[in-house]
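Chain A is the first sequence line, chain B the second, and so forth, proteins listed ahead of strands; every chain is numbered from 1.
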Amino acid sequence: MRSTGARARLAAFVAAGVLVSGGCVAPALDTGAYRQNAVAALESARSEARSAALAVEARLGDRLTQQYATTLLTDHDEALGPIEDSFGNVDPPAADDDHLRDQVMGLLGDTSDALSTARLSVRRDDRDALRDDLKELRQLGDQLDEAAEALK
Amino acid sequence: MPDRANDPTDALRRVDLVLRVHDHQIVGPEGELLGNVDDVELAEVDGRWLVTGLMVGPAALSQRLPGKLGTWTHAVWSRLHPDREPTPVVVPMEHVTDIGSAVALDEWAARRLARTLGLELWLREFVVSRIPGAKGGSSDERPGDLVESASSEATEAAEGGSESEAALRPRPDGRPVSGLLGRTGLSPDGERLGRLRDLWALGGPRDGHPEPLRVTHLEFTSHRLGAELGYSADDRQGPALVRAFFRWLHRNDRVVPISALTGIDDTGRTVTVETTHMRHPFDQ
Amino acid sequence: MKKFFAIALGILTAIGGFVDIGDLVTNGLVGARFGLSLGWVVVLGVVGICVFAEMSGRVAAVSGRGTFDLIRERLGPRVGLTNLVASMAVTLLTFTAEIGGIALALQLATNVNPYLWIPVVGAAVWIVLWRVKFSVVENVFGLAGLALIVFAVALWQLGPDWSDLWRQASRPLVPHDESHTTYFYYAVALFGAAMTPYEVFFFSSGGVEEHWTAKDLGVMRANVFVGFPLGGILSFAIAGSAAVVFQSQGIQVDTLGQIGLPVGMAMGQLGLALVLLGFFAATFGAACETGLSVGYSISQYLGWQWGKYVEPLRAARFHTVLLLSTIVGVGTLLTTVDPIMLTEYSVVFSAVALPLTYFPILVVANDRTYMGRHANGRLANTLGTFYLVVVGVAAVAAIPLMIITRAGQ
């Protein structure tokens, strides 16, 4: 029986290790780690916004089919939810960090909205709307970039 | 075909049973794939140890699988087998026509062996033949033809059964090689020589003609790691780094002639041998 | 003339068949993050697969034995079984990822949800495995896969700073915002993508399917030594175009659509159509190859009749395995697992499983009883030993790197 006990403990240890390394458990954070999380979320959103801008631009130049562009924008739109969740689910460690949370969540929300709008415009093939969406996505890309750089 | 004439080890026609026969593919005269050599049957005939047959199928394989897996394989096989007390399938050595990278059988044995492939026949009849388009590429055979011929062969086998069934049964005095492998070799003084890793044999089929394959030496090793890789059969087999490692690992290997075998202890899983003619495999 | 045609066809299919979902995803992802600074791994992997495939093809041509036949023979049933289970787990994972890749390619073409495509794709793959002749599968998908050459054209049209790309590739440095562990994690992934074990199961068994003999060694070598490196250039082009378009903007690549985007940007809808054809052919061809590899390997371990060169009814167990693995692949994908993530894991686990197939092939290619004068020469053994070490290091490092980097995050 000893060996089964030891094995069970080993299994538990491995499982815990996997969970922690996989980021499934929200660990207690200090301000530094919280800022790191913010940078990661902003950079991921920047990646989605800029990539979507490339897709919209290519669609406006008729370099992508509507199907291809719609698929791309759907993927980008759907990618933002998990980014918002993983950042939003961690509480700021100190009261000072609340404004950081608001700023980042605000930017992520804007990006999410812009991606959804762009997806609809591509699906409807509304060229005028797409031109606005492109401007918006590029602007957001730069804002996300500045915010991330400022936190580094 | 391998270029046999150029090969120095072939001059002696030495066959290392584990390296050259165990686990090799069995093919029929048409090149059909009929199974692997899951084990080799030996028997002592007129004072000589002869390879008497190739053991094929789950029954033989299960003896060589570890622990529960082996037990389960054997249990499933005997439960699904149509006979009440099934015996392992053994192809008599007289029907082996070549031992190369594959082991070739004659027409007689190939036909009978094909009928013992229960899973293949069952899946052919009940699964694959029911899938639309289940006929072969360019052939004009109707889907049922193969199955019918297979099952009519099976009926024929069942009716005139005793003759062909008995043909692939194990000998009463036979013993599987795997039952000897891994046994500890002991000198008359009780000194350990290592574990039995291979048996050397001479003869065997040549140019399609069956000839007896008789065991000549027993090979013992202190490390069974890499025992089937062939570095103890050919002292020039590359690459050099790998050869050097396995030659170092197997530096204490010993061979003794089969005539030195004085006893097989089935309970203690040991074999006793005289050590007067003991040598390293590469010493002459 | 006929011979020339056969050689040319073989080389072209080798180029087109070289890239699969693992190469597409890994090269696109790595190109966007690391530029061409991991290009040396592609070179290492392509030379490795040449060495490895040539040996297994030679063994298959001279002895008529497929790879798993030899693994069982040299490692015995116990170790051989462990090897079979591990290799088949990786190959099934790759098979599943390829089916997912086909569905993603179809989604890009039609904007229909990939989960609706997956059952259709599974059925189509199975029908090809069941009915279509081996040579047709190899040639059709191999030739269609050549459409991926558009990546090279697109890279050229994007007008990159060639001297900068060359500097990245020839003097590799870890990019300043990436850690060394991530860099080497992706090095292992790229290596695994270039050298997936199934390629060898498929290549050697395919040689048996096509009844190669020692006379065919020249053609086989031409396919390997010309076709594979040219296929490797496609990998470079994919990584290069991703680097040019995405790296400077800090965009991470994590969808198949992004990987094709640079071609659309550079060449418009015609280029895009070719990319989609290439994606489809590469993943469909590789799905057939991986599916067959599962059947080949299990059958060879157990000595069953296998192959598409015999009528299906004469290889009932083999065809049952093909059917079951397709069902498992489709079933896994229908749990809504992300095919791109599956691909990323499959290339890393491929690296882990490599020594299992590589080592026995190296040993048997040296066996003079089978191989006679076609046994490994000094060059093959020098390279073989070098790669034995490389493959061993990659296999040992893969899992720790995966844990440390949280799978490359």
| request: Side chain from CB out, backbone as N, CA, C, O: work out which of these in C:N376 comes under 4.5 Å of a heavy atom of chain B, or both, or neither. | output: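 Contact with chain B is absent: no heavy atom of C:N376 under 4.5 Å.
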What part of [X] is in contact with chain C, defined as an atom under 4.5 angstrom from a non-hydrogen atom: side chain, backbone, both or neither?
| X | value |
| --- | --- |
| B:V27 | side chain |
| B:F246 | side chain |
| B:I26 | neither |

| request: Measure from the side-chain N and O atoms of C:Q305 to the backbone N and O of B:E32, and report whether any donor-acceptor pair falls under 3.5 Å. | output: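 Not confirmed, C:Q305 side chain does not pair with B:E32 backbone.
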| said: Quick check on the interface: out of B:V18, B:L19, B:V37, B:L69, who has the most heavy-atom pairs with chain C under 4.5 Å? | reply: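 When all of B:V18, B:L19, B:V37, B:L69 are compared, B:L19 has the most.
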When rounded to the nearest 0.5 angstrom, what distance separates [atom1] in [X] from [atom2] in [Y]?
| X | Y | atom1 | atom2 | result |
| --- | --- | --- | --- | --- |
| B:L33 | C:W304 | CG | CH2 | 13.0 Å |
| C:D367 | B:L229 | CG | CG | 10.5 Å |
| B:R243 | C:T385 | CZ | OG1 | 10.0 Å |
| B:L241 | C:L388 | CG | CG | 8.0 Å |
| C:S63 | B:Q25 | OG | CD | 11.0 Å |
| B:S129 | C:H319 | OG | NE2 | 13.0 Å |

| task | Heavy atoms only: give me the nearest C:R131-B:G133 pair and the separation to one decimal. | result |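 Taking every non-hydrogen atom into account, NH1-O, 2.8 Å.
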| task | Grab the two heavy atoms, one from C:L362 and one from B:P239, that are nearest each other, plus how far apart they are. | result |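 Closest heavy-atom pair between C:L362 and B:P239: CD2-CG, 3.8 Å.
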| said: Go through it in stages, so that I can follow the logic: the residues are B:Q237 and C:R368, the test is side chain to side chain contact (heavy atoms under 4.5 Å, CB included), and I'd like the CA-CA distance, side-chain angles, deciding distance and then a yes or no. | reply: CA-CA 7 Å; B:Q237 177 171 306; C:R368 294 181 299 138; 5.6 Å; no
| For C:N381 and B:V242, what are the C-alpha separation, side-chain angles and deciding distance, and is it a side chain to side chain contact (heavy atoms under 4.5 Å, CB included)? | CA-CA 10 Å; C:N381 270 340; B:V242 179; over 6 Å; no
| said: Before you tell me yes or no, could you show the steps for B:N36 and C:Y301 under side chain to side chain contact (heavy atoms under 4.5 Å, CB included), namely the whole-Å CA-CA distance, both residues' side-chain angles and the distance that decides it to 0.1 Å? | reply: CA-CA 8 Å; B:N36 277 339; C:Y301 173 85; 5.9 Å; no
| request: For B:V128 and C:T320, run side chain to side chain contact (heavy atoms under 4.5 Å, CB included): C-alpha distance rounded to whole Å, both residues' side-chain angles, the deciding distance at 0.1 Å, then the answer. | output: CA-CA 7 Å; B:V128 177; C:T320 309; 3.7 Å; yes
| request: Under 4.5 Å, heavy atom to heavy atom: which of residues 201-214 of chain C reach chain B? Give them by number, or say none. | output: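 Near chain B, by residue number: none.
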| field | Residues from residues 68-89 of chain C approaching chain B under 4.5 Å (heavy atoms) | value |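 Hits under 4.5 Å: C:D69, C:R72, C:E73, C:R74, C:L75, C:G76, C:P77, C:R78, C:L81.
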| task | Look at the rings of B:H24 and C:Y370 and say which category their plane angle falls in: under 30° parallel, 30 to 60° tilted, over 60° perpendicular. | result |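 Taking C:Y370 first and then B:H24, their aromatic rings stand perpendicular (interplane angle over 60°).
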